[in-house]
Amino acid sequence: MTQHPITETATPLIEWSDRAFALGLTSMDTTHREFVALVNALARAEDADFGQCLSRLHQHTRAHFAREDALMDQTRFPAAAEHKAEHRRVLAELAQLQRRVDKGVISFARSYVRERLPEWFHLHLATMDSALAAHLRDYPQAAASA
Ligand SMILES: [Fe+2]
Ligand SMILES: [Fe+2]
């Protein structure tokens with residue numbers, strides 16, 4: 001019988017907590033929970049599954065950012081330019097990782113996931129996404145339809 005003690009017992013790379021991460025907007029919070037689950041799955045993935053897990057995270061992140069970008073446009077969010085630029089920067093990084101992983105180079109992507117993504121997520125939520133969530137409280141219809 002094969003055992004996977006590390007997979008089963010390791011603490012997730014990012015541990016979701018409402019106190020740390022919930023912004024109080026259901027649509028954004030649901031997306032962020034999914035993001036955390038995908039990052040954790042990627043961190044635990046075996047080499048053989050790494051590319052597929054990264055691709056899933058990349059696709060999800062594209063949709064996640066596209067929704068936030070659309071909400072910023074619909075509600076004329078004042079800090080939209082900086083927030084969208086940050087989304088583009090991260091998507092470019094993920095695309096670069098994906099290209100390396102597709103060529104069989106996984107180590108760089110693994111360290112990016114472990115060392116950069118959790119910190120980036122904390123910071124992005126605490127600054128740009130929480131500012132957007134606060135702004136969206138004045139636009140409940142737009143926020144609910146996201
Ligand atoms: Fe977000
Ligand atoms: Fe964002």
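No hydrogens, no waters, no symmetry mates; every other heavy atom, side chains included, goes into these values. This one's a predicted model, so the numbers in the text were calculated from it and none came from an experiment. Numbering of ligands and ligand atoms starts at 1, following listing order.
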Do Asp49 and Arg56 sit within salt-bridge range, that is, some charged N less than 4.0 Å from a carboxylate O? no
Rounded to the nearest 0.5 Å, what's the gap from CZ on Arg116 to OH on Tyr112? Could you check? 6.0 Å
Is there a donor-acceptor contact under 3.5 Å linking the side chains of Glu86 and Trp120? yes
Protein N, O or S atoms less than 2.8 Å from the Fe ion (ligand 1), ignoring waters? His32 NE2, His64 NE2, Glu68 OE2, Asp129 OD2
Is Tyr139 reachable from Phe77 through a run of hydrophobic residues whose side-chain heavy atoms are each under 4.5 Å from the next? no
Do His87 and His64 get their side chains close enough for a donor-acceptor pair, meaning under 3.5 Å? no
Answer yes or no: is there a donor N or O on one side and an acceptor on the other, between the side chain of His58 and the main chain of Leu54, under 3.5 Å? no
